[in-house]
Amino acid sequence: MSALCSIPNLSDYYPGLAWFDFQGVTKKMKVLVKRFDKLFDSMIDQRQKLDRNGVGQESKDFLQVLLKLKDESDAKMPLTMIELKALLMDMIVGGTDSTSNAIEFAMAEIMIKPDVLRKLQEELETVVGKDNIVEESHIKQLPYLYAVIKEILRLHPPAPLLAPHCPSETCTVGGYTVPKGSCVFINVWAIHRDPSIWENPTEFRPERFLDNKHDCSGNDFNYFPFGSGRRMCAGIAMAERMFMYSVASLIHYFDWKLPEGETLDLTEKFGIVLKKKMPLVAIPTPRLSNPILYERDY
Ligand code: HEM
């Protein structure tokens, strides 16, 4: 879905040709949307069945909350099934590729910096312990991991041009007139590597974030991997947690090495979502003291 979204589509540049759908983008998108719709229908059906049987009432998941909102909605605050499904689609499109690519870049950068890996494992051993699994509650106590995550989002922002924006009024930015209705891309990738802002900008150095001078709140126009303003990432709280939790778990549970004779290539492939050009292949070796810990369902 995100690959299709990022294809430069002739129909966008020449709307008169949209009817022909020369590249077949609209056709492919319609097929995908139908597949997702079916998937959502079955998820919603399953959830409603469980709710009717009173299963899982003690803790509410996101879908349960949305279904409740829909049932309670009225003319003033309507939430239709189509809007509910659109929210689920937003979460999938916005939240899957972005996070998984960030994790892949994080693992690749960490694997080529043994001192970073060692510091992360030391922090995790102190906070979590080698005979213990990573819990969400540990996340706030891992400042070095947080700095690593921020440095990954600086060097390899998963949405390097943010999302396309469109001014509702003509405005002037930095002396340039931006006409109403134009399509504006913000090159956050370049801002994050601007040598007038960052010392040795291409160097992976998590320490630069240890003083907490830069955060991801969107108020700092030198560093905003989640965008800024009212259309900034809607999933930032979840994204930060998921990203940190996943990297913490991978690093704490395993040592990592490359397959024999392989070298690590960090080349990026540009698109709406930034990806690694060559997928990372890495071999894990368990490192926790108790093998039983690997048999748990996570
Ligand atoms: C590392 C992970 C993530 C990064 C770096 C990221 C980054 C971004 C960026 C840059 C934007 C566009 C903001 C703008 O143009 O100003 C965005 C939008 C969005 N993101 Fe994320 N995102 C991540 C994960 C997630 C997750 C996990 C979710 C949901 C579960 C999510 C949901 C959304 C949604 C719904 C929007 C559209 C917001 C709107 O248009 O109002 N994102 N994200």
Side-chain angles (χ1 to χ4, degrees), residues 1-3 5-6 33 36 39-40 43 60-66 69 79 82-110 136 139 142 145-168 171 173 178 182-193 204 206 209 214-250 268-276 280:
M1 176 72 78
S2 67
C5 287
S6 59
V33 166
F36 270 105
L39 183 76
F40 293 152
M43 277 165 53
K60 294 236 174 294
D61 66 27
F62 186 64
L63 182 53
Q64 268 173 306
V65 175
L66 287 180
L69 279 175
L79 178 69
I82 291 180
E83 287 161 346
L84 186 152
K85 286 182 184 172
L87 279 168
L88 294 180
M89 184 69 106
D90 270 356
M91 285 190 70
I92 290 177
V93 175
T96 42
D97 251 17
S98 50
T99 314
S100 61
N101 284 299
I103 294 170
E104 193 178 357
F105 270 115
M107 291 305 293
E109 287 281 8
I110 293 166
E136 206 185 315
I139 298 299
L142 301 165
L145 175 65
Y146 195 32
V148 169
I149 266 37
K150 282 179 170 172
E151 180 69 337
I152 293 295
L153 295 176
R154 181 187 71 82
L155 269 179
H156 312 288
L161 301 174
L162 302 183
H165 286 254
C166 175
S168 47
C171 51
V173 181
V178 186
S182 27
C183 187
V184 180
F185 290 94
I186 315 282
N187 193 340
V188 73
W189 184 91
I191 297 171
H192 285 182
R193 289 169 182 242
F204 179 76
F209 283 102
H214 302 279
D215 63 30
C216 299
S217 64
N219 296 319
D220 175 352
F221 292 121
N222 293 331
Y223 181 69
F224 50 114
F226 293 96
S228 176
R230 59 184 174 159
R231 300 307 299 268
M232 78 177 284
C233 179
I236 179 166
M238 184 174 167
E240 279 195 343
R241 277 196 195 95
M242 256 166 51
F243 189 12
M244 282 191 66
Y245 181 77
S246 310
V247 176
S249 304
L250 292 171
E268 296 168 326
K269 187 174 155 206
F270 272 84
I272 283 279
V273 176
L274 188 77
K275 293 177 191 290
K276 258 182 102 286
L280 174 67

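For this chain, numbers begin at 1 and follow the sequence in order. For ligands, and for the atoms within them, numbers begin at 1 and follow the listed sequence.
Counting only residues at least two apart or in different chains, salt bridge (charged side-chain N to carboxylate O under 4.0 Å, His left out) contacts with residues 214-239 are absent.
M238 places a side-chain heavy atom less than 4.5 Å from the side chain of M91. Under the 4.5 Å side-chain criterion, counting only non-hydrogen atoms from C-beta, L250 is in contact with M107. Side-chain contact between L66 and L87 is present, with heavy atoms from C-beta onward closer than 4.5 Å.
Only the backbone of S228 comes within 4.0 Å of ligand 1, counting heavy atoms alone; no side-chain atom from C-beta on gets that close.
Per-residue contacts place M238 under 4.0 angstrom from the following atoms of ligand 1 (heavy atoms of the residue considered): 30 (C). Atoms of ligand 1 lying under 4.0 Å from at least one heavy atom of P225, given by number and element, are 5 (C), 7 (C), 10 (C). The atoms of ligand 1 that sit less than 4.0 Å from any heavy atom of A163 are 12 (C), 15 (O).
The local environment of CD in E83 is crowded, with over 12 non-hydrogen atoms from other residues, nucleotides or ligands closer than 6.0 Å.
In terms of protein heavy-atom proximity, atom 41 (O) of ligand 1 is nearest to R231 NE, 2.7 Å.
The nearest protein heavy atom to atom 37 (C) of ligand 1 is not closer than 4.0 Å.
With a cut-off of 2.8 Å, the protein N/O/S atoms near atom 21 (Fe) of ligand 1 add up to 1.
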Can you give each donor-acceptor pair under 3.5 Å made by side-chain atoms of residues 147-160, sequence neighbours left out, with the distance rounded to 0.1 Å?
| residue | atom | partner | partner atom | Å |
| --- | --- | --- | --- | --- |
| K150 | NZ | N212 | OD1 | 3.4 |
| K150 | NZ | H214 | O | 2.9 |
| E151 | OE1 | R154 | NE | 2.7 |
| E151 | OE1 | R208 | NE | 3.3 |
| E151 | OE2 | R154 | NH2 | 3.0 |
| E151 | OE2 | R205 | N | 2.6 |
| E151 | OE2 | R208 | NE | 3.1 |
| R154 | NH1 | H192 | O | 2.8 |
| R154 | NH1 | P201 | O | 2.8 |
| R154 | NH2 | P201 | O | 2.8 |
| R154 | NH2 | E203 | O | 3.1 |
| H156 | ND1 | E268 | OE2 | 2.5 |
| H156 | NE2 | E109 | OE2 | 2.7 |

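With sequence neighbours excluded, the residues forming a side chain to side chain contact (heavy atoms under 4.5 Å, CB included) with I186 are L162, V184, I191, F224, listed by chain and number.
Side chain of T96 to backbone of V93: no donor-acceptor contact under 3.5 angstrom is found. Remark: the backbone N or O of V178 is not paired with any side-chain donor or acceptor of S182 at under 3.5 angstrom.
Of the candidates M244, H156, H165, M91, it is H165 that places a heavy atom closest to atom 14 (C) of ligand 1.
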